[in-house]
Amino acid sequence: MPMPSSSSLLSAIRRLLASLALSPPPAAAAAMPPSSPEPEEEGMGRSDAGGGGGGEGGGGGGGRALSYGEAEYWDARYVEEGGAPYDWYQRYAALRPFVRRFAPPESRVLMIGCGSALMSEDMVDDGYTEIMNIDISSVVIEIMRKKHFNIPQLQYMQMDARDMSIFSDESFDCAIDKGTLDSLMCGVGAPLSAAQMVLEVERLLKPGGIFMLITYGDPSVRVPHLNQSGCNWKIVLYILPRPGFKGKTKRSVLDPVPMTESGVLQDGFVPEDPDSHYIYVCKKLQGSTGTSSPTIHHVDTQDTAE
Ligand SMILES: C[S@@+](CC[C@H](N)C(=O)[O-])C[C@H]1O[C@@H](n2cnc3c(N)ncnc32)[C@H](O)[C@@H]1O
């Protein structure tokens with residue numbers, strides 16, 4: 001049988017994507033310089049209700065659009081992109097002050113839903129020595145494993161963040177999620193998926209370990225998921241304008257943003273950039289409360305989650 005040419009293979013993939021009603025990644029995103037990521041895409045932008053191909057719930061039944069919550073969506077997307085590096089929301093350079101502040105370079109780091117982001121290799125360039133990258137997409141894990149075969153600090157495993165039972169309890173100092181919980185929020189059974197993932201992260205962190213969640217979700221839609229029964233976090237919130245935001249910010253991004261006792265932004269607080277990203281620095285405290293009351297941390301500009 002004759003082998004298809006690469007262009008006919010590409011057309012076949014495009015036809016497959018079209019028949020699955022997937023929105024292919026914007027050409028601009030794959031070609032975009034990594035330093036200026038698109039902050040958000042359809043369905044993972046403004047709210048958990050999502051939209052486009054990635055809306056929460058994802059539908060059910062034949063012919064439906066795949067959603068950001070499904071491995072098939074990501075596999076097809078990474079095939080289409082051919083492994084082009086792409087960092088969602090923010091690059092490491094912008095996140096570095098937070099990462100360095102809460103996780104020293106010798107930390108054993110779990111990167112949840114690594115995708116094709118440059119984040120982990122940037123961290124290695126910055127001195128990090130052990131980063132375990134997991135992703136539900138076997139396609140992207142294979143691509144990244146091949147790309148980084150000669151960087152011993154980076155390991156890759158295909159895994160669902162809702163079940164990381166291969167790792168033993170308390171085996172990581174820090175877990176970082178940039179956009180993965182957001183993806184789960186677009187899938188079927190989102191609240192259950194979020195609960196499973198957050199409980200797994202809590203289990204895998206050493207006492208005092210840090211879960212850094214980078215998301216478009218404001219506290220009203222993220223604190224309830226962080227605050228699972230069985231978790232005992234001290235949560236400190238930071239807000240970072242999207243890359244390229246031209247407006248002025250009154251405060252330093254390194255200043256924690258206060259939340260109320262019930263875990264929402266204080267009355268009258270509105271981020272200057274409506275498309276800001278939220279960084280929840282969650283420190284695992286000793287023992288579980290078994291309640292759903294997070295320890296909300298109030299403003300302390302020197303806070304290091306120590
Ligand atoms: C929005 S992308 C973010 C990728 C990367 N963290 C970044 O910052 O660019 C979400 C990633 O989460 C992965 N993902 C989605 N659901 C997952 C799950 N249940 N377990 C592990 N990874 C998942 C996807 O394959 C995708 O690579």
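Both ligands and their constituent atoms are indexed starting at 1 by order of listing. Not measured: the values here are computed from a predicted model. Heads up: numbering here begins at 1 and tracks the sequence. Only this structure's heavy atoms are used, side chains among them; waters, hydrogens and symmetry mates stay out.
Taking 4.5 Å as the limit, every side-chain heavy atom of F172 sits out of range of all side-chain heavy atoms of V201. Side-chain contact between C282 and I210 is absent, with no heavy-atom pair separated by less than 4.5 Å. Under the 4.5 Å side-chain criterion, counting only non-hydrogen atoms from C-beta, V139 is not in contact with W74. The shortest distance between side-chain heavy atoms of L265 and I239 falls below 4.5 Å.
In the vicinity of A161, heavy-atom distances shorter than 4.0 Å reach the ligand 1 atoms 18 (C), 19 (N), 20 (N), 21 (C). Close approach to D87 involves these atoms of ligand 1, each under 4.0 Å from a residue heavy atom: 9 (O). Interface atoms of ligand 1 facing M159, defined by a heavy-atom separation under 4.0 Å, are 20 (N), 21 (C).
Geometrically, ligand 1 and I134 share no nitrogen or oxygen pair separated by less than 3.5 Å. Of the N or O atoms in A117, none lie within a sub-3.5 Å distance of an N or O in ligand 1. Geometrically, ligand 1 and D135 share a nitrogen or oxygen pair separated by less than 3.5 Å. Ligand 1 has no nitrogen or oxygen under 3.5 angstrom from a nitrogen or oxygen of I112. Residue T180 has at least one nitrogen or oxygen atom sitting less than 3.5 Å from a nitrogen or oxygen atom of ligand 1, judged on distance alone. Remark: ligand 1 and K178 share an N or O pair separated by less than 3.5 Å (distance only, no angle test). Annotation: W74 places no N or O atom under 3.5 Å from an N or O atom of ligand 1; distance criterion only.
Taking all heavy atoms of N133, I136, D182, I214 into account, the minimum distance to atom 23 (C) of ligand 1 is reached by I136. Of the candidates G115, G113, G179, G113 brings a heavy atom nearest to atom 6 (N) of ligand 1. Closest heavy-atom approach to atom 26 (C) of ligand 1 among the candidates Y86, Y89, W88, Y78: Y78.
The proximity of L184 to ligand 1, defined as any non-hydrogen pair under 4.0 Å, is limited to the side chain. Contacts with ligand 1 closer than 4.0 Å are made by backbone heavy atoms (N, CA, C, O) of C114 only, the side chain lying farther away.
Stacking of R108 on the aromatic ring of Y128 is not recorded, the 6.0 Å distance cut-off and the 45° axial limit not both being met. At least one cation-pi condition fails for R145 and Y156: the charged atom is not both under 6.0 angstrom from the six-membered ring centre and inside a 45 degree cone around its axis.
Taking all atoms of both residues into account, the shortest heavy-atom contact from V99 to M123 is CG1-CE, 3.8 Å. In this structure, S193 and R162 approach most closely via the heavy-atom pair OG-NH1, 3.0 Å. Here the closest heavy-atom approach between residue Q228 and residue A195 is recorded as OE1-CB, 3.3 Å. The heavy-atom pair separating E106 from D173 by the smallest distance is O-OD2, 4.4 Å.
Heavy-atom separations between M111 and ligand 1 are all 4.0 Å or longer. Put simply, part of D160 is less than 4.0 Å from ligand 1, judged by heavy atoms.
Aromatic rings from Y216 and Y278 are positioned such that their centres are separated by 6.0 Å or more.
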